[in-house]
Peer 1: 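Have a look at this one before I ask anything.
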Amino acid sequence: MSMAQHAEPAVGTPPAPGRKEVDGLTARRPLALRLLARPEVGVFLGAVAVLVFFLIAAPTVRQGSSMATVLYQSSTIGIMALPVALLMIGGEFDLSSGVAVISSALTASMLSYQLTMNVWVGVIVALAVSLAIGAFNGWMVMRTGLPSFLVTLGTFLILQGVNLAVTKLVTGNVATDDISDMDGFDQARRIFASSFDVGGVEIKITVVWWVVFAALATWVLLRTKYGNWVFAVGGNQDSARAVGVPVKFTKITLFTLVGFGAWFIGMHNLFSFNTVQSGEGVGQELIYIAAAVIGGCLLTGGYGSAIGPVFGAFMFGMVNQGIVYAGWNPDWFKAFLGVMLLGAVLINLWVQRTATRR
């Protein structure tokens, strides 16, 4: 379903030969302006600039193993940044996504260990819990009409307290027990946290999942009716409802997709380290949102792409590891992120004005 209506040409009145009739809205702009109208172009150029900078400033980055580490760091941010970006395009935020990752991992770990079950039972239950958290956030936003910022801030605080309190109650500690010797662990690890060799360089499986999810999200946004719904509800919720877009369904499923992303990264953390610290995850939600904003998603909704956050996450991973490889003080990392975020917001504002200028 498209929010734009196009008038059909009158039958029997073809345009004059050799001349294309256009109006002020459809006139072709210069190629540079049409490229700038794409939300991912600016961040792509930024990602290239950051890569070139660290290739020069930190020669270690040129090694294959170093780039593999950068891609791994980027993928763990990028997988979550994708559903967060879709949600932002739909006009909403989720501040609980960081701690929801830990909630998912804690659920799978404690359920499997305490009940001595195959770890796949814990994985499946954790999926159900994560989807339920996302659906609850979406339902509350639609039911109450409250800003998603407030609703998910409440969920963030609830999950943060529950993660710590329940872990202490069940395990007597702030971390879960090691599950590496339990049935099903090796199979789950192959899916969520394995590695493979490419030309002597070890690549994490999360890099592959990152690419797959990005391709799937791009297809959904650009080639499906649901993708049109996402842009519509983010652009103008009331207008979307007036033309028949299922606003409630669309927004609840977007929050549920964030829950799915939290589950996947939670399983990666669990099967990478065999145990989970209950106090982790706080602050990660801002990283995911920042990656989406740097990737071209507007804070006001209705604009963005799935490819942009891929480059945004890559910039995070590149800066994070590049500072280490350059031998600089890692305290500068947050300063770099702040500069990138502010710069991205200003560039997005300029691009939006340029792209909509007649």
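Nothing here was measured: the structure is a model prediction, and the numbers come from that model.
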Peer 1: Hey, does Phe54 have a side-chain heavy atom less than 4.5 Å from the side chain of Val70?
Peer 2: no
Peer 1: Report yes or no: does Ser66 contribute a side-chain atom to a donor-acceptor pair with the main-chain N or O of Arg62 at less than 3.5 Å?
Peer 2: no
Peer 1: Considering non-hydrogen atoms only, spot the tightest contact between Pro83 and Gly261 and give its length.
Peer 2: CG-CA, 4.4 Å
Peer 1: Find the distance between CE (Met140) and CD1 (Ile252) and round it off to the nearest 0.5 Å.
Peer 2: 11.5 Å
Peer 1: Give a yes or no on whether the backbone of Leu95 and the side-chain of Thr152 come within a donor-acceptor separation of less than 3.5 Å.
Peer 2: yes
Peer 1: Are Trp209 and Leu127 connected in the hydrophobic side-chain network, where two residues link if heavy atoms are under 4.5 Å apart?
Peer 2: yes
Peer 1: Report the relative orientation of the aromatic rings in Trp120 and Phe192; use parallel for angles under 30°, tilted for 30 to 60°, perpendicular for over 60°.
Peer 2: tilted
Peer 1: Would you check if the side chain of Trp263 reaches a backbone N or O of Ala100 as a donor-acceptor pair within less than 3.5 Å?
Peer 2: no
Peer 1: Listed by chain and number, what are the side chain to side chain contact (heavy atoms under 4.5 Å, CB included) partners of Tyr113, not counting sequence neighbours?
Peer 2: Asp177, Ile179, Met182
Peer 1: Side chains of Asn269 and Val276, heavy atoms from C-beta outward: is any pair under 4.5 Å?
Peer 2: no
Peer 1: Under a 4.5 Å cut-off applied to non-hydrogen side-chain atoms, are Ile191 and Ile205 in contact?
Peer 2: no
Peer 1: Would the number of heavy atoms belonging to other residues, nucleotides or ligands and lying under 6.0 Å from OH of Tyr72 be above 12?
Peer 2: yes
Peer 1: Answer yes or no: is there a side-chain heavy-atom contact under 4.5 Å between Met142 and Val247?
Peer 2: yes
Peer 1: Is it true that the side chains of Thr171 and Asn173 contain a donor and an acceptor less than 3.5 Å apart?
Peer 2: no
Peer 1: Between Leu254 and Val258, is any pair of side-chain heavy atoms under 4.5 Å apart?
Peer 2: no
Peer 1: With rounding to the nearest 0.5 Å, note down the distance linking CD1 in Ile102 to OG1 in Thr167.
Peer 2: 10.0 Å
Peer 1: Assigning hydrophobic clusters by single linkage (Ile, Leu, Val, Met, Phe, Trp, Tyr; side-chain heavy-atom cutoff under 4.5 Å), is Val125 placed with Leu169?
Peer 2: no
Peer 1: Between Phe316 and Asn320, is there a side-chain heavy-atom distance shorter than 4.5 Å?
Peer 2: no
Peer 1: With respect to Thr206, which candidate in Ser194, Ser195, Ser75 satisfies the side-chain hydrogen bond (donor to acceptor under 3.5 Å, both in side chains) definition?
Peer 2: Ser75
Peer 1: To the nearest 0.5 Å, what is the distance between OG1 on Thr250 and CZ on Phe255?
Peer 2: 12.5 Å
Peer 1: Closest approach of Leu111 and Gly122, non-hydrogen atoms and distance?
Peer 2: CD2-CA, 4.0 Å
Peer 1: Has the side chain of Thr176 got a donor or acceptor atom that lies under 3.5 Å from a matching backbone atom of Thr275?
Peer 2: no
Peer 1: Show me the donor-acceptor pairs within less than 3.5 Å that the side chains of residues 281-298 make with the rest of the protein, sequence neighbours left out.
Peer 2:
{"from": "Glu285", "atom 1": "OE1", "to": "Gly283", "atom 2": "N", "distance (Å)": "3.3"}
{"from": "Glu285", "atom 1": "OE2", "to": "Gly283", "atom 2": "N", "distance (Å)": "3.2"}

Peer 1: Just say parallel, tilted or perpendicular for the rings of Phe213 and Phe260, cut-offs at 30° and 60°.
Peer 2: perpendicular
Peer 1: Are side-chain N/O atoms of Ser96 and Thr155 paired as donor and acceptor at under 3.5 Å?
Peer 2: no
Peer 1: Looking only at heavy atoms, what is the nearest atom pair of Ser272 and Ala193, with distance?
Peer 2: OG-CB, 3.3 Å
Peer 1: Within the 4.5 Å heavy-atom criterion, are Leu87 and Leu257 side-chain neighbours or not?
Peer 2: no
Peer 1: Could you verify whether a donor N or O on one side chain and an acceptor N or O on the other, from Ser103 and Asn163, lie under 3.5 Å apart?
Peer 2: yes
Peer 1: Nearest 0.5 angstrom please: Leu71 CG to Phe314 CZ, how far?
Peer 2: 6.5 Å
Peer 1: Charged N to carboxylate O under 4.0 angstrom, Arg189 versus Asp186?
Peer 2: no
Peer 1: Is a donor on one side and an acceptor on the other found under 3.5 Å between the side chain of Ser278 and the backbone of Val174?
Peer 2: yes
Peer 1: Applying ring pair (Phe, Tyr, Trp, His ring centres under 6.0 Å) to Phe149 and Phe93, what does each step give before you reach the verdict?
Peer 2: CA-CA 6 Å; Phe149 177 89; Phe93 292 92; 7.5 Å; no
Peer 1: Same cluster or not: are Phe311 and Val208 linked, directly or through other Ile, Leu, Val, Met, Phe, Trp or Tyr residues, by side-chain heavy atoms under 4.5 angstrom apart?
Peer 2: yes
Peer 1: Could you tell me which non-hydrogen atom of Ala214 sits nearest to which non-hydrogen atom of Leu82, and how far apart they are?
Peer 2: N-CD1, 3.5 Å
Peer 1: Nearest 0.5 Å please: distance from the OG1 atom of Thr256 over to the CZ atom of Phe249.
Peer 2: 9.0 Å
Peer 1: Check the angle between the aromatic planes of Trp229 and Tyr226 and answer parallel, tilted or perpendicular using the 30° and 60° thresholds.
Peer 2: perpendicular
Peer 1: Would you say Arg143 has more than 12 foreign heavy atoms packed within less than 6.0 Å of its CZ?
Peer 2: no
Peer 1: Can you tell me how far CE of Met67 sits from OG1 of Thr60, rounded to the nearest 0.5 angstrom?
Peer 2: 12.5 Å
Peer 1: What heavy-atom pair brings Val43 and Gly312 nearest, and what distance separates the two atoms?
Peer 2: CG2-N, 3.7 Å
Peer 1: Donor-acceptor check, side chain of Thr76 to backbone of Gln73, threshold 3.5 angstrom: yes or no?
Peer 2: yes
Peer 1: With heavy-atom distances below 4.5 Å as the criterion, would you say the side chains of Ser104 and Met267 are in contact?
Peer 2: yes
Peer 1: Please report the shortest heavy-atom distance between Leu221 and Ala306, naming the atom on each side.
Peer 2: CD1-N, 3.8 Å
